[in-house]
Amino acid sequence: RRPPTGTTTAAAAISAHPPPLSITMGVAGPKSWVTGWHWRERILVNFPYPIGGGTWWMRNLAYCFWILDIVLFGLFTAMLAVRYISHPELLKKNLMEFPACSYLGAIPIALDTIIVGIVSFYDYRTSARWVAFAFYWVAVALTLLVSFGLLTLQTLSQKQHSISDVAGLWLMTSVPLIVTAAAGSTLLPYLDAASQRAAIVVLVVSFLLWSLGMCQVHLILAVYFWRLISHKLPPQQLLASCFLPLAPLGQGAYAIQQMSIFLANYL
């Protein structure tokens, strides 16, 4: 069956693609608004130089960003679900379209942003900490599914590529590992107040995700930089993905710093 065309809501949902989910990301220009939301929220909530009531409106602005992020994530995820449930053959087709299928990595990254928002705005509630803890494991499962399941599928089923085909978008299957590790590192001080054992488990899992993610990212970055040196710039439609290396490097530095601070306090 061919997807319906037109301007109806059903047609729009079935015509949806994974890329719109990256609007909640913010890591690589116009197509990617989930890591950027995370940094905006953290900067506004923890602004180090409050000026005459500035903290109040900054926190409220960050809260509005977070609510908008949840709405967009729910909307685009629902549209994507309708698309694949109504036309399951499109799921197989999209999984075979490399590197476009790498945009599925935006799903766990967007969820990580929501998790960080839960403990940022409701840290005074013990129940919110456990809700964030539960969502963290959902994010871990989605991250492993994308970063290893999708990577394995791409390795086994894709045609041979040339060095000129390499693009920053290839990082989208590895970035979720680092962003989920960063989200876990943010949860550590909040979970430690509720359960030290849960905090230690999150610390170990996050460090493993961070280690695996950094290995994958640096392997891809080495190939990507060689491609930039030996060939022309990527096609116009992939130029925005040139900013993607900022996401794993920045989030990776943040994650290991937060984990080190917690570990130092624990020891």
Side-chain angles (χ1 to χ4, degrees), residues 24-27 34-48 55 58-59 62-63 65-67 69-70 73 105-149 174-217 247-267:
T24 56
M25 264 185 45
V27 293
V34 182
T35 303
W37 291 98
H38 166 73
W39 287 115
R40 291 183 187 94
E41 291 169 11
R42 299 299 294 174
I43 290 173
L44 291 172
V45 172
N46 301 308
F47 190 68
T55 304
M58 287 182 180
R59 186 177 181 86
Y63 188 78
F65 279 140
W66 182 60
I67 294 298
D69 184 35
I70 294 175
F73 177 74
I107 298 176
I109 300 177
L111 183 58
D112 291 330
T113 307
I114 296 173
I115 293 170
V116 172
I118 293 174
V119 293
S120 295
F121 300 111
Y122 296 100
D123 56 300
Y124 56 90
R125 294 186 179 181
T126 303
S127 58
R129 299 174 185 177
W130 290 115
V131 168
F133 179 70
F135 276 121
Y136 170 77
W137 292 109
V138 175
V140 169
L142 291 174
T143 295
L144 295 177
L145 185 62
V146 170
S147 298
F148 292 101
S174 302
V175 170
L177 289 167
I178 298 176
V179 178
T180 301
S185 69
T186 304
L187 294 180
L188 292 177
Y190 303 101
L191 286 177
D192 187 49
S195 172
Q196 192 175 72
R197 179 174 297 181
I200 294 300
V201 171
V202 171
L203 173 65
V204 173
V205 173
S206 297
F207 181 75
L208 291 175
L209 292 175
W210 179 86
S211 302
L212 293 170
M214 293 303 288
C215 289
Q216 286 189 19
V217 163
L249 298 179
Q251 287 282 303
Y254 171 81
I256 195 62
Q257 180 191 48
Q258 294 299 109
M259 288 186 281
S260 300
I261 292 173
F262 175 80
L263 187 58
N265 293 333
Y266 177 76
L267 295 177

For this session: Please work out which of the three classes, parallel, tilted or perpendicular, describes the rings of Tyr63 and Tyr122, given edges at 30° and 60°.
Result: perpendicular
Problem set entry | Shortest non-hydrogen separation from Met259 to Phe207 and the atoms involved | SD-N, 3.7 Å
Seminar exercise, completed: Taking every heavy atom of Gln251 against every heavy atom of Ala182, the minimum-distance pair comes out as OE1-CB, 3.2 Å
Side-chain donor or acceptor of [X] paired with backbone N/O of [Y] under 3.5 Å:
X      : Y      : value
Asn265 : Ile261 : yes
Arg129 : Asp123 : yes
Trp66  : Ile114 : yes
Ser195 : Leu191 : no
Trp210 : Gly252 : yes

Problem set entry | Derivation and outcome, side-chain contact (heavy atoms from CB on, under 4.5 Å), residues Phe65 and Asp69 | CA-CA 6 Å; Phe65 279 140; Asp69 184 35; over 6 Å; no
Determine all donor-acceptor pairs shorter than 3.5 Å in which one atom belongs to a side chain in residues 133-143; sequence neighbours excluded.
{"residue": "Tyr136", "atom": "OH", "partner": "Ser206", "partner atom": "OG", "Å": "2.8"}
{"residue": "Thr143", "atom": "OG1", "partner": "Ala139", "partner atom": "O", "Å": "2.7"}
{"residue": "Thr143", "atom": "OG1", "partner": "Thr180", "partner atom": "OG1", "Å": "2.7"}

For this session: Answer whether the closest heavy-atom distance between the side chains of Asp192 and Leu188 falls below 4.5 Å.
Result: no
For this session: Name all residues meeting the side-chain hydrogen bond (donor to acceptor under 3.5 Å, both in side chains) criterion together with Ser174; count only those two or more places apart in sequence or in a different chain, and write none if there are none.
Result: Gln216
